[in-house]
Amino acid sequence: MEEGEDVSPPTQPSMSVVKLIELVLPKDAIYLAGSCVQGQVVLTLHSTLVDPIVRVELVGRGYVEWSEEVGASRDYSRDVICNNKADYVHKTKTFPVAGKDEAGSQPEPYWEPGSGRLPSTFASKIGHVFYYVQASCVGREHILAKKRIYLLVQGTSDFHRENPLQKPLFVEAEKKVSYNCCSQGAIGLQIQMEKNRFTPGEKVVFTTEVSNQTGKCIKTVIFALYAHVQYWGFTPKAEQRSRVDSSALLRQEANTQIAPFNTAKIISTFGLPPVLSVSSDMASSKIMSTQYELVGTVHLPWSLTCVKAKVPIVIARTPPDSDGCQPQEGAGALAREDCQD
C-alpha cells in the first residue's frame, strides 16, 4: 500500500457525511524510536456531524514467512510454511471535534505514545517491519472516513554504551594462484578502517591495498556491503525454525589496472542508507536479527579464482537522550511512553 493511500470505507447511509479526511505530517520524515510523532488531522465536512470524534492510531507490526522442505532424506518429504509475527506498538488517542460548521475544516493536533525499543522499518522477500498512523472519523458508532500514512522508523541500540572505545581495524587475506600453466604467484588484499561502527546515513570510508605478485594484470576490485539477516519462525506444528538470507545493500567496482609485481592503494567511500536495522536486533525485533559485513573481492579470471577480505560492520543508533516529546530537527520521531497531553 502506498504512503498516504486513502482507505476510506464505503460511505455509511447517514445525514452526516465526511467529505475529506487528511493526515498532515512532515514529508519524507524519518522517525527515531523513542521520540514523537506530531501532525494534524484535517476534516472537510459536507454537513453537520452529530457528536463526532477523531481517532488516531499508531501501529507497528512485523512478520516473516518462508517455505522449506522437511524430511528431505525421506520419500515423503514435503514443503511447509514457516512464519512468525510481532506486534511492536498499538496506541490510540481520541479527540472530540470542537466545531461542527458545515463544510468546514477541522484540524486536530496529535502525538502518539510509543516504545523506545522498536526495530527499524524493514522489507525483504521474507520479512517486513512496518509502521503507520491512521486517522478515523467516527460518528454514532460508524466509521465515516479513514486515512493511513506509513512511516519510516529508525530503531535504536545500546551498542555505544557496551563498546565505548574503538580501535582501527585491519583485515588481510592472501592467496597463492597459478597462471600460464606452470607459473605461480601471490595476491594480497588488505582493508583498513579507522572504525567499524556506523550510524544509518553515515559515510563508510576505508583504504584497500592490493599486492599483485604475479605476471598478470589485475583489472578490477569489487567492494560490497552485505546484510546477513537471520529469521525465526514456526511450522504449523509449532516447531521453531530459522533461516539466514544475505543481500548486498551497496556495491562498488574499482577499475584498478594493477600491473604485474606492483602494489596499489584504493580509498573508497560508501554512503549508508538513512534507515537500517541496527546490528544484533533480535532483542527488539523478536522475529529477526541483522549482521553486516564489508567484503572486498579481487577477481582473477585467468586463474578461475578470487581473493576475499571480510570486515564486520556494526550499525548502531543512539537512543534519544531527551525526556521530552520534541521532534528532531528535520525529522519526526516516535513518541515516548511519558508523552503528555
Side-chain angles (χ1 to χ4, degrees), residues 33 59-90 114-132 150-163 169 171 196-200 204 224-251 270 272-273 275-297 308-317 319 334:
V59 179
R61 295 176 181 147
Y63 71 90
V64 297
E65 182 175 294
W66 72 90
S67 63
E68 65 178 41
E69 188 177 14
V70 295
S73 60
R74 303 172 184 175
D75 293 338
Y76 52 87
S77 65
R78 59 189 178 87
D79 288 340
V80 298
I81 299 296
C82 303
N83 55 37
N84 202 355
K85 64 180 180 179
D87 292 322
Y88 301 116
V89 60
H90 191 167
S115 168
R117 296 295 296 171
L118 299 174
S120 301
T121 299
F122 177 84
S124 75
K125 62 182 179 181
I126 296 176
H128 288 77
V129 175
F130 59 93
Y131 300 86
Y132 63 83
Y150 285 84
L151 307 178
L152 288 175
V153 175
Q154 174 57 53
T156 61
S157 66
D158 294 323
F159 183 87
H160 68 295
R161 296 172 183 169
E162 300 167 3
N163 302 272
L169 207 65
V171 175
N196 73 326
R197 190 187 75 213
F198 301 92
T199 60
V204 179
L225 178 65
Y226 286 90
H228 306 296
V229 185
Q230 185 168 10
Y231 303 93
W232 278 268
F234 295 89
T235 67
K237 294 184 178 180
E239 299 169 329
Q240 189 172 30
R241 294 286 191 270
S242 66
R243 174 170 172 169
V244 177
D245 187 64
S246 300
S247 60
L249 297 180
L250 303 166
R251 189 177 184 275
F270 275 142
L272 293 176
V275 176
L276 284 172
S277 299
V278 295
S279 299
S280 302
D281 205 15
M282 186 58 190
S284 57
S285 178
K286 304 176 185 178
I287 57 177
M288 66 182 75
S289 64
T290 308
Q291 302 293 331
Y292 297 91
E293 191 175 49
L294 176 67
V295 180
T297 306
K308 288 188 177 183
K310 301 179 180 181
V311 184
I313 298 294
V314 175
I315 302 298
R317 184 62 170 90
L334 233 56

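FYI, side chains are in, hydrogens and waters are out, and symmetry mates aren't considered; it's all heavy atoms of this structure.
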List the steps and the verdict of side chain to side chain contact (heavy atoms under 4.5 Å, CB included) for Val80 and Lys237.
CA-CA 10 Å; Val80 298; Lys237 294 184 178 180; over 6 Å; no
In Val204, Leu225, Val171, Val295, the residue satisfying side chain to side chain contact (heavy atoms under 4.5 Å, CB included) with Val311 is Val171
Would you call Ser279 and Ile315 a side-chain contact if the rule is heavy atoms closer than 4.5 Å?
yes
Aromatic rings Tyr63 and His128: how do their planes relate, parallel, tilted or perpendicular, breaks at 30° and 60°?
parallel
CD1 of Ile81 to CH2 of Trp66, rounded to nearest 0.5 Å, is 10.5 Å
All heavy atoms of Gly155 vs all of Ala33, minimum pair found to be CA-CB, 4.3 Å
Side chain to side chain contact (heavy atoms under 4.5 Å, CB included) for Leu276 and Tyr292? Distances and angles first, verdict last.
CA-CA 10 Å; Leu276 284 172; Tyr292 297 91; 3.9 Å; yes
Lys85 side, atom NZ; Glu65 side, atom CD - distance, nearest 0.5 Å
11.5 Å
Please lay out, stage by stage, how Leu118 and Tyr131 fare under the test side chain to side chain contact (heavy atoms under 4.5 Å, CB included).
CA-CA 10 Å; Leu118 299 174; Tyr131 300 86; 3.4 Å; yes
Rounded to the nearest 0.5 Å, how far apart are CD1 of Ile313 and CD of Gln291?
11.5 Å
Do Tyr150 and Thr121 meet the criterion of a side-chain donor-acceptor pair at a distance under 3.5 Å?
no
Would you call Arg241-Glu68 a salt bridge at under 4.0 Å N-O?
yes
Restricting to non-hydrogen atoms, name the atom on Tyr132 and the atom on Arg61 that form the minimum distance, rounded to 0.1 Å.
OH-NH1, 3.8 Å
Spatial distance of atom OG1 (Thr199) from atom CZ (Arg317) [nearest 0.5 Å]
6.5 Å
Nearest-0.5 Å distance, SG of residue Cys82 to OH of residue Tyr231
13.5 Å
With a 4.5 Å cut-off on side-chain heavy atoms, are Asn84 and Phe234 touching?
yes
Report yes if the side chains of Leu250 and Leu272 come closer than 4.5 Å at any heavy-atom pair, otherwise no.
yes
For Gln154, is there any backbone N or O sitting under 3.5 Å from a side-chain donor or acceptor partner on Ser120?
no
Could you give me the CA-CA distance, side-chain angles and deciding distance for Arg243 and Val229, then say whether side chain to side chain contact (heavy atoms under 4.5 Å, CB included) is met?
CA-CA 8 Å; Arg243 174 170 172 169; Val229 185; over 6 Å; no
Closest heavy-atom pair and its distance - Ala86, Ile287
CB-CG2, 4.0 Å
Which heavy atom in Thr290 sits nearest to a heavy atom in Ser277, and how many Å separate them?
OG1-CB, 3.7 Å
Rounded to the nearest 0.5 Å, what separation is found between the CG atom of Asn196 and the CD atom of Glu293?
12.0 Å
